[in-house]
Participant: 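Take a look at the following structure, please.
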Amino acid sequence: MEIHGHCDPAFVTLREEFERNFTERGEVGASFAATVEGEFVADLWAGHRDAAGTLPWEDDTLVCVFSVTKTMTALCALLLVDRGELSFDAPVTHYWPEYGQNGKETTEVRHIMGHSAGLPDFGEPLTHAELYDWEHVIGVLERQAPAWRPGEDCAYHALTQGFLVGEIVRRITGLSLGEFFRDHVAGPLDVDFHIGLDPRHFCRTGEMLGSGAMPARLARYMKERQSSAPSVRPPVTNSEEFRRAELPAVNGHGNARSVVRAQTVVANGGTAFGVDLLAPATIEQIFREQGAIKGMGARHGIGYGIDGPFSRLMPEGTRSCFWVGGGGSIVILDHSNRACLAYAMNRMDFDLLGDRRGTSLVRAFYKGLA
């Protein structure tokens with residue numbers, strides 16, 4: 001298997017595991033990247049970006065990383081907090097008055113950031129066309145009653161969180177979440193990541209591939225929590241409409257390098273690649289626990305998971321945050337070692353918190369780091 005890119009000699013086992021994902025674990029196309037102290041120690045890619053195996057995965061191939069996008073949305077919110085324009089403890093209605101309907105008046109911004117706002121679903125059926133219509137979705141969310149008193153429970157807001165955070169960002173800045181991310185994060189940090197993909201990038205975008213039927217346990221979980229949302233699985237994921245829409249919880253397009261390039265600034269104390277973006281005190285907000293997400297085996301802070309399966313792959317006492325994307329993509333921010341690592345691929349698995357491909361790479365990274 002031809003592996004492209006570079007890998008520091010200390011991480012030779014990581015490169016071997018990346019290759020093993022292709023030879024033993026059914027990988028089609030993928031990338032992996034990692035930084036330590038703000039410097040890249042790995043940037044790997046291999047395979048194909050299509051099911052037919054006719055298009056090679058290139059150094060600039062983009063794929064949908066699903067819920068890893070939530071960490072980019074969280075980074076936008078952190079930046080506004082850092083600038084004094086947003087408070088996680090403020091009521092949502094301070095920025096978005098129309099949100100205060102039907103029992104949501106007491107919702108604080110942190111409830112949305114930590115999946116405890118009580119809107120894990122849209123509350124009424126949506127078509128794909130409606131899902132891609134920002135104003136329509138915002139109207140739907142404004143009139144919903146929460147499933148519980150905000151802050152008193154925690155369940156994954158898989159699709160809704162992006163709209164909720166995105167609308168707060170829009171009310172403060174006048175920019176959509178995708179525009180704000182492009183201008184204030186991607187631009188300064190030179191990040192090739194897109195929330196709302198311009199068609200000019202379609203020629204280098206990988207085809208997302210399903211891996212058969214969704215396991216019954218996961219199907220039940222998703223039906224219970226996302227019964228009103230239309231499917232965002234392949235082949236929908238590969239449509240022009242899905243790619244172009246701004247769904248700040250689920251349809252960011254990038255690769256492992258771009259994810260790491262954006263999130264290294266958070267793992268590295270607020271500074272990366274010559275850019276000072278966040279104060280350490282702002283980053284500390286992430287670790288304010290908001291609850292344990294039902295059915296996922298993860299505790300959530302502000303915008304990021306702060307404990308879960310990946311935490312147990314790290315040395316004891318490592319302070320970290322993370323999140324994952326449907327199908328297998330991951331990003332881990334190790335604040336103890338000022339390290340950031342990410343994995344992005346096009347063949348999807350259906351474990352909610354990563355699969356063997358990702359976990360093997362995380363283990364190998366920490367073997368090299370030691």
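By convention here, the first residue in the shown sequence is residue 1.
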Participant: Show which residues join F202 in its hydrophobic cluster (side-chain heavy-atom contacts under 4.5 Å, direct or indirect), or state none.
Facilitator: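 Listed partners: L62, L197.
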Participant: Which of parallel (below 30°), tilted (30 to 60°) and perpendicular (above 60°) describes F163 and W134?
Facilitator: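 Taking W134 first and then F163, their aromatic rings sit tilted (interplane angle of 30° to 60°).
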Participant: Examine the side chains of D192 and H194 and answer whether a donor and an acceptor come within less than 3.5 Å of each other.
Facilitator: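 Yes, H194 and D192 have a side-chain donor paired with an acceptor closer than 3.5 Å.
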Participant: Is the backbone of R299 close enough, under 3.5 Å, to the side chain of E289 for a donor and an acceptor to pair up by distance?
Facilitator: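 Not at all, since once roles are kept as given, no pair shorter than 3.5 Å links the two residues.
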Participant: What residues form a side chain to side chain donor-acceptor pair (under 3.5 Å) with E179, not counting sequence neighbours?
Facilitator: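 With sequence neighbours excluded, E179 shows a side chain to side chain donor-acceptor pair (under 3.5 Å) to S176, given in chain and number order.
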Participant: Does anything in residues 64-95 pair up under ring pair (Phe, Tyr, Trp, His ring centres under 6.0 Å), and if so which pairs, sequence neighbours excluded?
Facilitator: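 Applying ring pair (Phe, Tyr, Trp, His ring centres under 6.0 Å) to every pair that reaches into residues 64-95, excluding sequence neighbours, yields nothing.
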Participant: In this structure, is the centre-to-centre distance between the rings of F287 and H335 below 6.0 Å?
Facilitator: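 Yes, close enough.
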Participant: Hey, does the side chain of S258 reach the backbone of V191 with a donor-acceptor pair shorter than 3.5 angstrom?
Facilitator: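 No.
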Participant: Check for a donor-acceptor pair, side chain of T205 on one end and backbone N or O of H201 on the other, with a separation under 3.5 Å.
Facilitator: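 Present.
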Participant: Please determine whether a side-chain nitrogen of the Lys or Arg among R171 and E167 lies less than 4.0 Å from a carboxylate oxygen of the Asp or Glu.
Facilitator: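 Looking at E167 together with R171, the answer is yes, because their closest N to O distance falls below 4.0 Å.
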Participant: Look up atom NE2 in H111 and atom CE in M113, then write down how far apart they are to the nearest 0.5 Å.
Facilitator: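 Answer for the NE2-CE pair, H111 versus M113, is 12.5 Å.
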Participant: Taking only distance into account, with no hydrogens and no angle test, what donor-acceptor pairs under 3.5 Å do side-chain atoms of residues 363-370 form with protein atoms, sequence neighbours excluded?
Facilitator:
| residue | atom | partner | partner atom | Å |
| --- | --- | --- | --- | --- |
| Y366 | OH | D334 | OD2 | 2.7 |

Participant: Are L78 and D82 side-chain neighbours, meaning at least one heavy-atom pair lies under 4.5 Å?
Facilitator: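 Result no, sub-4.5 Å side-chain heavy-atom pair not found.
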Participant: Less than 3.5 Å apart, any donor N or O on the side chain of N255 or S31 sitting next to an acceptor on the other?
Facilitator: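 The criterion, which ignores hydrogens and geometry beyond distance, is not satisfied for S31 and N255.
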Participant: Tell me, which pairs form a salt bridge (charged side-chain N to carboxylate O under 4.0 Å, His left out) where one or both residues lie in residues 279-288, sequence neighbours left out?
Facilitator: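 Non-adjacent pairs meeting salt bridge (charged side-chain N to carboxylate O under 4.0 Å, His left out): D89-R288, E284-R319.
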Participant: Give me each pair satisfying ring pair (Phe, Tyr, Trp, His ring centres under 6.0 Å) with a member in residues 234-267, each pair once, sequence neighbours excluded.
Facilitator: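 Non-adjacent pairs meeting ring pair (Phe, Tyr, Trp, His ring centres under 6.0 Å): zero.
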Participant: With a 3.5 Å distance limit and no angle check, can you tell me whether H157 reaches the backbone of L119 through a side-chain donor-acceptor pair?
Facilitator: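 Side chain of H157 to backbone of L119: a pair is present.
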Participant: I'd like to know if the side chain of E152 and the backbone of W148 have a donor-acceptor N/O pair within less than 3.5 Å.
Facilitator: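 It does not hold such a pair.
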Participant: Is it the case that the side chains of D50 and T54 hold a donor-acceptor pair, with the cut-off being a distance below 3.5 Å and no angle test?
Facilitator: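 D50 and T54 do have a side-chain donor-acceptor pair below 3.5 Å.
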Participant: Using modelled atom types only, decide if a donor and an acceptor are shared between the side chain of R347 and the backbone of G26 within a distance under 3.5 Å.
Facilitator: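 It does hold such a pair.
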Participant: Are any non-hydrogen side-chain atoms of F181 and F193 less than 4.5 angstrom apart?
Facilitator: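 In short, these two side chains touch, coming nearer than 4.5 Å.
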Participant: Taking only residues two or more places apart in sequence or in another chain, which ones pass side chain to side chain donor-acceptor pair (under 3.5 Å) with R257?
Facilitator: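 Here the qualifying residues are D43.
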Participant: For S336 and T318, does a side-chain donor sit closer than 3.5 Å to a side-chain acceptor?
Facilitator: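 No.
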Participant: How many angstroms lie between atom CD of E19 and atom CD of E24, to the nearest 0.5 angstrom?
Facilitator: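 Between E19 CD and E24 CD, I get 9.5 Å after rounding to 0.5 Å.
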Participant: I'd like to check the side chain to side chain donor-acceptor pair (under 3.5 Å) partners of R25; sequence neighbours left out, ordered by chain and number.
Facilitator: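 Partners of R25 under the side chain to side chain donor-acceptor pair (under 3.5 Å) test: E17, N21, S360.
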Participant: Using a strict 4.0 Å threshold on nitrogen-to-oxygen distance, state whether R49 and E207 make a salt bridge.
Facilitator: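 Salt bridge between R49 and E207, a charged N being under 4.0 Å from a carboxylate O: no.
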Participant: Any salt bridge (charged side-chain N to carboxylate O under 4.0 Å, His left out) involving residues 55-80? Give me the pairs, sequence neighbours left out, ordered by first then second residue.
Facilitator: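 Matches after skipping sequence neighbours: none remain.
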Participant: R170 side chain to L177 main-chain N or O, any donor-acceptor pair under 3.5 Å?
Facilitator: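 No; zero donor-acceptor contacts below 3.5 Å.
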Participant: Would you confirm whether N251, through its side chain, and L247, through its main-chain N or O, come within 3.5 Å as a donor-acceptor pair?
Facilitator: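 Here the side-chain-to-backbone pair exists.
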Participant: Please list all pairs meeting side-chain hydrogen bond (donor to acceptor under 3.5 Å, both in side chains) that have one or both residues in residues 99-109, counting only residues at least two apart or in different chains.
Facilitator: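 Applying side-chain hydrogen bond (donor to acceptor under 3.5 Å, both in side chains) to every pair that reaches into residues 99-109, excluding sequence neighbours, yields E108-R110.
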Participant: Which heavy atom of P56 sits nearest a heavy atom of T61, and at what distance?
Facilitator: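 That closest heavy-atom pairing would be O-OG1, 4.3 Å.
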Participant: If only atom types and distance count, is the side chain of Q263 paired as donor or acceptor with the main-chain N or O of T71 below 3.5 Å?
Facilitator: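 A pair under 3.5 Å: yes.
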Participant: Just jot down the side chain to side chain donor-acceptor pair (under 3.5 Å) partners of E37, sequence neighbours excluded, or say none.
Facilitator: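 In terms of side chain to side chain donor-acceptor pair (under 3.5 Å), with neighbours along the sequence ignored, E37 is linked to no residue.
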Participant: Does S231 offer a backbone N or O that forms a donor-acceptor pair with the side chain of H128 under 3.5 Å?
Facilitator: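 Yes; at least one donor-acceptor contact below 3.5 Å.
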Participant: Taking side chain as C-beta onward, heavy atoms only, is D307 less than 4.5 Å from H300?
Facilitator: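 Result no, sub-4.5 Å side-chain heavy-atom pair not found.
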Participant: Can you name the salt bridge (charged side-chain N to carboxylate O under 4.0 Å, His left out) partners of R182, sequence neighbours left out?
Facilitator: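 Partners of R182 by the salt bridge (charged side-chain N to carboxylate O under 4.0 Å, His left out) criterion come out as none, since no residue qualifies.
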